[in-house]
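Just below is one structure, and these are the notes that go with it.
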2 protein chains.
Amino acid sequence: MSTSRHDTGRPPGHAPERASGSARPVGDPLVATGPAGDPGPAAERLISERGIPEATVGRLPVYLRVLTALVERGVPTVSSEELAAAAGVGSAKLRKDLSHLGSYGVRGVGYEVSPLVAHISRELGLTQAWRVVIVGLGNLGRALASYGGFAERGMGVAALFDADPAVVGREVAGLVVRPMSELAAVVRAEGVVIGVLATPAAAAQGACDELVAAGVTGVLTFAPAVLSVPEGVDVRKVDLASELQILAFHEQRKAADAVRAAAPSGGGARAVARPARRRVGAAR
Amino acid sequence: MSTSRHDTGRPPGHAPERASGSARPVGDPLVATGPAGDPGPAAERLISERGIPEATVGRLPVYLRVLTALVERGVPTVSSEELAAAAGVGSAKLRKDLSHLGSYGVRGVGYEVSPLVAHISRELGLTQAWRVVIVGLGNLGRALASYGGFAERGMGVAALFDADPAVVGREVAGLVVRPMSELAAVVRAEGVVIGVLATPAAAAQGACDELVAAGVTGVLTFAPAVLSVPEGVDVRKVDLASELQILAFHEQRKAADAVRAAAPSGGGARAVARPARRRVGAAR
DNA sequence: TCGACTTTGTGCGCGCCTTCACAAGCGCCT
DNA sequence: AGGCGCTTGTGAAGGCGCGCACAAAGTCGA
């Protein structure tokens with residue numbers, strides 16, 4: 001999921017990827033989280049207490065963003081059709097997604113924006129401010145630390161860590177980079193449960209282990225490496241190089257199609273150009 | 001986009017080609033082939049010429065990375081079991097994925113690493129060096145431009161663009177940032193077909209339009225915005241804030257589960273701690 | 001008050017993806 | 001040569017997500 005984006009498959013596909021299960025998207029791509037793999041014999045297969053499908057969860061952030069924009073514009077209600085168009089999905093899918101949260105719509109009218117924003121935020125756990133730690137402050141790590149998009153949505157950066165003594169002590173985005181030796185203490189003290197990995201691939205597993213040992217149970221990694229984690233830890237992977245390679249695959253195919261279309265033989269008669277604009281949704 | 005998940009658009013038609021056996025992923029409701037004793041009502045379905053499922057494509061980059069590492073270690077062959085473990089997927093899935101590329105495995109032995117690397121590379125289109133342009137050189141854009149993981153895998157950065165006059169002219173990763181006005185000319189001159197968007201959300205659609213107008217047909221965007229593109233253009237979206245929000249959702253659920261497990265009542269009986277290590281796959 | 005219109009919520013069918021399980025194929029040892 | 005064991009390739013089944021299409025439910029106008 002890259003990624004996953006998952007989707008990301010996410011991404012599926014595209015995109016970001018989930019640990020167990022896909023979105024992907026096209027994106028993602030992407031793998032699933034949680035207790036996926038196990039085919040419990042006959043027993044109870046508690047998918048999720050609230051039974052919100054993973055695919056739906058992956059779209060909630062998008063809906064939330066769109067809805068937030070509507071709130072700022074003072075829009076009181078939206079129809080599923082409008083909201084779906086703005087979010088780049090089909091209206092039926094959107095209605096089904098929202099129905100998993102319980103009914104906040106009014107037939108004949110649409111959805112009330114404010115209550116919906118509140119509900120999705122609560123469902124995503126954004127009513128509390130999650131604090132994350134970033135491990136690895138190379139180019140990407142520094143960019144992430146400085147990225148405003150996190151704080152903007154209830155995700156604050158608690159601390160930064162790096163294994164390189166030359167980086168430790170530097171100030172990035174108002175925080176001083178700390179040595180890995182302090183990681184466990186800070187994570188425990190601050191109650192951090194989500195970590196962001198931006199280390200080189202070779203260091204990713206080690207850093208991940210340290211995060212998990214300290215109590216982190218959710219990891220977002222940018223390292224192009226497969227991570228092993230204990231059951232109960234979620235890993236979402238964003239793999240930039242993979243995303244580009246997937247695009248390259250499609251470009252190559254398009255090029256091949258173009259050649260084939262130009263050539264006379266067989267299946268040249270294809271509907272080639274349809275000028276309609278397509279809304280493209282979120283990965284994965 | 002992964003994803004997951006699944007995502008971006010799918011390319012229209014495909015060419016005919018007779019796959020011997022029987023496997024037939026009936027996909028797009030497009031065009032008909034002619035002959036072949038089809039009693040079908042009207043149109044026929046064209047199987048994808050090479051019929052590689054999107055989910056499989058999303059995993060190929062991961063396999064490729066693992067295989068490349070094996071090549072460097074001088075490993076001549078691998079079994080599906082070993083390769084799957086290293087890639088974080090199930091062995092059956094891996095075998096099925098590879099079977100879509102044609103058989104490069106030998107029963108009783110495994111897969112020959114070198115030919116497999118060559119084949120996957122060719123399939124992904126990595127035999128040619130794709131050049132990309134990056135639009136938007138804020139924190140993230142600069143990090144991407146400096147990121148070594150691209151060039152490493154046949155993806156080169158051709159040029160950098162930004163709309164901000166204060167950024168234009170600066171040098172990033174050995175390249176001078178150019179104004180948007182030069183985008184079309186450069187894209188055409190260099191034959192670029194893949195663009196990376198790292199602009200603020202508000203500027204994303206405009207920049208995307210410019211890319212598409214110039215001839216780009218594959219876009220990787222990091223902007224938290226829904227993009228509209230014409231048919232035939234692939235978009236993969238990587239949304240950092242969404243990824244974290246999805247992790248937050250799962251963390252919240254785990255916390256709720258923990259509380260429930262602690263409480264006596266009904267459904268507390270879950271297998272909570274299973275110390276087994278899970279391999280966590282990529283994407284999507 | 002009643003009817004026409006709008007929009008939600010969802011039952012249903014379809015196709016993709018994943019997983020299981022096993023027959024077929026290949027190398028090696030005897 | 002022949003049999004044995006290992007590994008691939010794949011048929012079949014199950015799960016999940018998606019989109020259609022429609023009944024239910026609520027609003028608005030007369």
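The figures that follow rest on heavy atoms only: side chains count, while hydrogens, waters and symmetry mates do not. These figures come from a predicted structure and were not determined experimentally.
- Y63(B) is listed as a side-chain neighbour of V89(B), based on a closest heavy-atom distance under 4.5 Å.
- The nearest whole Å value for the distance from the CD atom in E54(A) to the C1' atom in dG15(D) is 15 Å.
- The only option from K93(A), E123(A), H100(A) that meets the side-chain contact (heavy atoms from CB on, under 4.5 Å) definition with T56(A) turns out to be H100(A).
- For the pair V193(B)/W130(B), a side-chain contact is recorded, criterion being any heavy-atom separation below 4.5 Å from C-beta on.
- For H100(A) and dC18(D), the NE2 to C1' distance is 11 Å, given to the nearest whole Å.
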Grab the N/O contacts between the protein and nucleotides 7-11 of chain C below 3.5 Å, and write none if there aren't any.
residue : atom : partner : partner atom : Å
dT7(C)  : O4'  : G108(A) : N            : 3.0
dT7(C)  : O2   : G108(A) : N            : 3.4
dT8(C)  : OP1  : S80(A)  : N            : 2.5
dT8(C)  : OP2  : S80(A)  : OG           : 2.5
dT8(C)  : O2   : R107(A) : NH1          : 2.8
dG9(C)  : OP1  : S103(A) : OG           : 3.1
dG9(C)  : OP1  : G105(A) : N            : 3.4
dG9(C)  : OP2  : Y111(A) : OH           : 2.6
dG9(C)  : O4'  : R107(A) : NH2          : 3.2
dG9(C)  : N7   : R95(A)  : NE           : 2.8
dG9(C)  : O6   : R95(A)  : NH2          : 3.1
dG11(C) : O6   : K96(A)  : NZ           : 3.0

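- In this structure, the CG atom of L94(B) is 16 Å from the P atom of dC17(C), given to the nearest Å.
- Rounded to whole angstrom, the span from the CD atom of E112(B) across to the P atom of dC26(C) amounts to 13 Å.
- Between L101(A) and I120(A), the closest side-chain pair of non-hydrogen atoms falls below 4.5 Å.
- Side-chain contact between V219(B) and D234(B) is absent, with no heavy-atom pair separated by less than 4.5 Å.
- Protein atom NZ of K93(A) is 8 Å distant from nucleotide atom C1' of dG17(D), rounded to whole Å.
- The two atoms that bring Q245(A) and P61(B) nearest to each other are OE1-CB, 3.0 Å, heavy atoms only.
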